[in-house]
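This report refers to the structure that appears directly beneath it.
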Amino acid sequence: MASFFCSTKFLLLLFFVSAIPIAFIIHLETSSPTTHVYHYHSTGWLRECSKWDDANRRFIVSFFEGGLGVIPVEADYSPGDVLQEIPVVKDADLTGNASLGFTIDRERNRVLVAVADVLGNRYSALAAYDLTSWNRVFLTKLSGPEDEKAFADDVVVDTEGNAYITDAKADKIWKVGANGELKYTIKNPIFTPKEWYNKLVGLNGIVYHPNGYLLVVHTFSGNLFKIEIAKGDEVKLVKIDNGSLKFGDGMELLSPTKLVVAGNPTRLVESSDDWESGTIVGKAKGAIHRLSTAATVKEGTVYLNHMIGLGYPRKKHVLVEAVFSA
């Protein structure tokens, strides 16, 4: 956990928090929300990512201190109920590493998690866990102390079970096979911006499109890339109109033509040409003092994960419905 406090994400977090007066935070916390909010009590302060697991009526969340938890949503849930986080994964051999972006591989009944040493960038891995037993299926080391610095940040899976993991430090994408074998890395000069200040946080949120390609956002430059994995991993820069995706984090497809890019603000992007280009058609603020880091879709509604939990001694986190406005 100590590694977090010297990381780029912590510096961003500190910037956001220090810019918001305490009185304003209290006002935001005590005001009635304008959209639906799931509140849940947690065992930790920081939650990087959450996804709705519709088959089991629960949210799954990743722990910045390492591990996973579930938040069951019972059929008799009423708005205003405070849900409870239940830890399900805590690997002793991964102590000191954060569990970051993850994806649900429904066909294989498992979840795939990006694991990284946030401070030193000396270890990155992909971990897979069974969705029923929570036993670890495999752990694939992506980089170690002997390699260049790397930061496994987010992951997505294709229809064949291959996983693609973004490296936010070295601007590359690892490809891992369905059985956990490291196949190769996708590298391209177009991934790396020229300006030094746009290199602080690189490739981040990633989705697999049903038409068979990847979409990935570069956090500090705001660039969105389309990667044609069936065409030799051909990379194209997606032209974005009506704004920028700068500081984009986790992503989620709302439909084949609509992409949610979590951030502060979160943006809704629409494409009519199979993601050769896209237009920002809406923005949602979320709980700005809690820092939006990921998005998930529950029964057609977008909910934003927020990294920061508040409250003592019981930490309370929020999943906020995103309502987009032009």
Side-chain angles (χ1 to χ4, degrees), residues 1-31 33-51 59-66 69 71 85 98-102 114 116 118-119 151 153-154 166 168 200-206 217-220 222 244-252 260-268 283-296 302-312 315-324:
M1 185 61 196
S3 63
F4 170 68
F5 294 102
C6 294
S7 69
T8 302
K9 284 206 171 185
F10 174 69
L11 295 177
L12 284 173
L13 186 155
L14 186 63
F15 170 78
F16 277 104
V17 172
S18 62
I20 304 173
I22 298 299
F24 184 52
I25 292 177
I26 294 173
H27 169 71
L28 292 174
E29 283 295 300
T30 55
S31 299
T34 57
T35 65
H36 179 241
V37 178
Y38 285 105
H39 293 90
Y40 67 95
H41 281 136
S42 170
T43 57
W45 294 110
L46 303 173
R47 295 294 175 258
E48 169 71 9
C49 182
S50 62
K51 297 293 180 184
F59 290 100
I60 303 174
V61 293
S62 60
F63 300 171
F64 215 97
E65 67 270 25
I71 307 164
E85 173 191 279
S99 298
L100 301 167
F102 67 90
V118 176
L119 170 61
F151 189 152
D153 202 326
D154 202 1
T166 54
L200 295 177
V201 181
L203 298 181
N204 193 334
I206 186 169
V217 69
H218 189 286
T219 293
F220 264 53
S244 168
L245 299 181
K246 202 170 185 66
F247 302 124
D249 205 329
M251 303 198 302
E252 188 83 357
V260 178
V261 183
N264 299 272
T266 292
R267 283 141 291 194
L268 178 63
K283 296 180 181 179
K285 291 184 178 180
I288 58 172
H289 60 298
R290 287 177 176 262
L291 194 61
S292 301
T293 55
T296 189
V302 177
Y303 285 90
L304 302 178
N305 177 84
H306 291 75
M307 178 181 283
I308 304 170
L310 297 173
Y312 185 82
K315 299 89 172 173
K316 185 186 286 186
H317 285 262
V318 294
L319 297 164
V320 179
E321 178 186 0
V323 176
F324 295 95

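Scanning for side chain to side chain contact (heavy atoms under 4.5 Å, CB included) contacts around Ser99 gives Ser62, Val113, with sequence neighbours left out. Listed by chain and number, the residues in a side chain to side chain donor-acceptor pair (under 3.5 Å) with Glu321 amount to none (sequence neighbours excluded). Shown here are the ring pair (Phe, Tyr, Trp, His ring centres under 6.0 Å) partners of Phe59, two or more places apart in sequence or in another chain: Tyr38, Trp52. Under the rule for a side chain to side chain donor-acceptor pair (under 3.5 Å), Tyr40 has no partner lying at least two apart in sequence or in another chain. Remark: His306 engages Ala287, Arg290, Ser292, Leu304, Val318, Val320 in a side chain to side chain contact (heavy atoms under 4.5 Å, CB included) (not counting sequence neighbours).
Remark: Lys283 NZ is loosely packed, at most 12 non-hydrogen atoms of other residues, nucleotides or ligands lying under 6.0 Å away. Other residues, nucleotides and ligands contribute more than 12 heavy atoms inside 6.0 Å of the NZ atom of Lys246.
Checking side-chain atoms of Ser42 against main-chain N and O of Gly44 turns up a donor-acceptor pair under 3.5 Å.
Relative to the ring axis of Phe64, Arg47 does not place its NZ or CZ within 45° and under 6.0 Å from the centre.
Residue Ala295 comes nearest to Ala262 through the heavy atom pair N-CB, 4.0 Å, listed as atom of the first residue, atom of the second, then distance. Across all their heavy atoms, Leu200 and Phe220 have their closest contact at CD1-CE2, 3.5 Å. When all heavy atoms are compared, the tightest approach of Thr296 to Ser50 is CB-O, 3.5 Å. Across all their heavy atoms, Asp154 and Gly205 have their closest contact at OD2-CA, 3.4 Å. Residues Ala294 and Glu48 come closest through the heavy atom pair CB-O, 4.0 Å. His289 and Leu310 make their closest contact through CD2-CD1, 4.0 Å (heavy atoms, listed as atom of the first residue, atom of the second, distance).
To the nearest 0.5 Å, atom CG of residue Leu46 and atom NE2 of residue His317 are 7.0 Å apart. Within the model, atoms CE of Met307 and CG of Asn264 stand 10.0 Å from one another, a figure rounded to the nearest 0.5 Å.
In this pair, Tyr312 and Trp45 present their aromatic rings parallel. The plane angle is below 30°, not in the 30 to 60° band.
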Run Val201 and Phe151 through side-chain contact (heavy atoms from CB on, under 4.5 Å) and show every step you take.
CA-CA 10 Å; Val201 181; Phe151 189 152; over 6 Å; no
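With respect to Asp249, the side-chain hydrogen bond (donor to acceptor under 3.5 Å, both in side chains) criterion is satisfied by exactly one of Asn204, Asn305, Thr219: Asn204. Evaluated for a side chain to side chain contact (heavy atoms under 4.5 Å, CB included) with Met251, the options Val217, Val260, Leu245 yield exactly one hit, Val217.
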